[in-house]
Amino acid sequence: MSDREEDLELQALQKELDAAFETTRPRRGFEDELWLRMQSRRPFWTRLQDGLLGLVQGVREAPAIPAAAVAAALIVVLGAGIITLSGLRPGRGGTASLATQPGSRGGASFAAPGQAAAFGRVPAPVPESGRQATGPYAPSDQTRSNLYFGPANVTWAGELSVSATSAPVFRYHEPSTAAADQFAASLGATLQFRPAGYLGSYAGHDFTLQVRATVQAPAREPWFSLVASASAQPADGAAPADAAGAFLVAHSLAPAWPNVVTVDAAGDQAKVRYLRRFPVPAYGDAYLVDGEGERYGLEVDLNGGRLALVSGPLPVSLDFADYPIISADQAVRSALASSPAAPGNINPPPAVRLTAAELVYVVVAAGDHTFYEPAFLFSGSFLLGGMTYEKRVLVPAVDPSQRSS
């Protein structure tokens, strides 16, 4: 194809794009599709030349790139020869435009079953109940006394409808002591010392602060605990939710993630919880739960109307990638086939009808990376000795082909 013919072809395709924008907004992906068509019709050596020029320009704009990395990139370009068809398209200013919102097929990499996703195979969540189950008796750190973690003959008597076929998996790098110091400094606190197992202990004008790293087992993300002093107390008579909200805003601690606020009050004590949720396209918001299936997030404790404690997840930078998830039918079959690791002390095991299920998120620790992964949480109750117990079953939602265990 001659240069003039090529120019005419490109002009015709460009007119098609201009016309689409002038008449109506093009369908999602139209511009990317058209740009790729334009590039694919250009001669091979022209595409290769443009790719090399773009790479050289990028190196000029980032001189700190090691020479070995540049050499490796050149080898990849020369070997592949199709850099312009990589799935990225030039954006304004010569940069690559790539969507960054969870669920967007433009930014999050998506893997069909059997194909590797951006983070590779992710570790499967291990519920706390699977390691501590001893019949109806609760683990020492259990949130609720009526949870049953032992074996049971479970049946499904509910409805689970999930139209989503994929969900984002979130990941963060383990924060350093410098990151904890920076967080404390943003609140106006300075480092006092570093207790064993913690990233730091700090003091502010009207509070003390401790920050710890990720706990591997039971898995829990990096956490901060802030104890308020008398000078930080809200006005007398303020409702618990109002007092908690005012303190969080004043200290720049209000959660930036989706949440639902609940208030549990008993006597002169109150707990204001900001229950964390993660957005899942084609599903909605899914709650974050711990290994026992309890929803959690940031919590403000008040005693006698006075602030006592603020605790919650340390802000970290999250990456995400889209992963395929199992269907509702597969989740039900997995729940019915599940069995806790520890034996129970009830013989025969109780019969439990699971009547509710939802998509949730759980923390899965894995070395220097930790994940927020989707899972299905099933629950049902049964009577034993005149008491009502609740049985919960947690099923990994990520497709088995994308899990390492």
Side-chain angles (χ1 to χ4, degrees), residues 26-33 36 86-89 97-127 154 156-172 257-258 260 275-289 293 295 318-338 354-364 366 369-379 392-405:
R27 71 179 187 280
R28 179 177 296 180
F30 175 82
E31 186 180 354
D32 290 337
E33 176 185 331
L36 290 176
S86 64
L88 298 177
R89 57 176 294 274
S97 62
L98 193 62
T100 58
Q101 292 302 315
S104 168
R105 295 300 187 271
S109 61
F110 175 77
Q115 297 177 342
F119 300 154
R121 295 179 184 273
V122 295
V126 178
V154 296
W156 174 238
E159 294 184 4
L160 177 60
S161 177
V162 178
S163 59
T165 58
S166 66
V169 169
F170 300 88
R171 184 182 73 172
Y172 65 85
W257 24 263
V260 171
L275 304 178
R276 186 169 190 172
R277 303 202 292 181
F278 289 91
V280 179
Y283 178 82
D285 288 346
Y287 282 99
L288 173 66
V289 303
R295 299 172 178 177
L318 293 178
D319 298 322
F320 77 94
D322 216 11
Y323 275 72
I325 61 174
I326 60 177
S327 66
D329 290 341
Q330 288 175 302
V332 170
R333 290 196 296 269
S334 296
L336 297 181
S338 65
L354 301 176
T355 56
E358 63 177 324
L359 188 66
V360 297
Y361 271 78
V362 293
V363 175
V364 185
H369 284 93
T370 298
F371 300 85
Y372 288 104
E373 296 182 24
F376 288 99
L377 180 63
F378 292 81
S379 61
R392 293 174 178 174
V393 179
L394 192 68
V395 174
V398 174
D399 188 272
S401 67
Q402 301 296 320
R403 300 201 304 262
S404 59
S405 59

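Shortest non-hydrogen contact noted between Val280 and Ala286 is CG2-CB, 4.2 Å. Shown here for Ala366 and Pro123, the closest heavy-atom pair between the two residues is CB-CG, 3.8 Å. Val169 approaches Pro374 most closely through the heavy-atom pair CG2-CD, 3.9 Å. Of all non-hydrogen atoms in Glu373 and Pro125, the two that sit nearest each other are OE1-CD, 3.8 Å. Of all heavy-atom pairs spanning Ala118 and Ala321, the tightest one is CB-CB, 3.7 Å. Ile326 approaches Val398 most closely through the heavy-atom pair CG2-O, 4.3 Å.
Atom CG of residue Asp399 and atom CD1 of residue Ile325 lie 9.5 Å apart, to the nearest 0.5 angstrom. Here CZ of Arg121 is found 6.5 Å from CD of Gln402. Values are rounded to the nearest 0.5 Å. A distance of 6.0 Å separates OG of Ser327 from CZ of Arg333, quoted to the nearest 0.5 Å. If you take CZ on Phe119 and CZ on Arg171, they are separated by 4.5 Å, rounding to the nearest 0.5 Å. Remark: Tyr323 OH to Ser166 OG distance equals 12.0 Å, nearest 0.5 Å. Atoms CG and OH, from Leu359 and Tyr287 in turn, are 13.0 Å apart once rounded to the nearest 0.5 Å.
Ring geometry for Phe278 versus Tyr361: interplanar angle of 30 to 60°, hence tilted.
For the side-chain contact (heavy atoms from CB on, under 4.5 Å) with Phe378, the qualifying choice from Thr355, Leu394, Leu160 is Leu160, the only one to do so.
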Stepwise side-chain contact (heavy atoms from CB on, under 4.5 Å) test for Phe320 and Tyr372: CA-CA 9 Å; Phe320 77 94; Tyr372 288 104; over 6 Å; no
Working for side-chain contact (heavy atoms from CB on, under 4.5 Å), residues Leu275 and Leu288: CA-CA 7 Å; Leu275 304 178; Leu288 173 66; over 6 Å; no
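Remark: Glu358 engages Arg295 in a salt bridge, criterion side-chain N to carboxylate O under 4.0 Å.
Counting heavy atoms from C-beta outward, Pro168 and Pro281 have side chains that approach closer than 4.5 Å.
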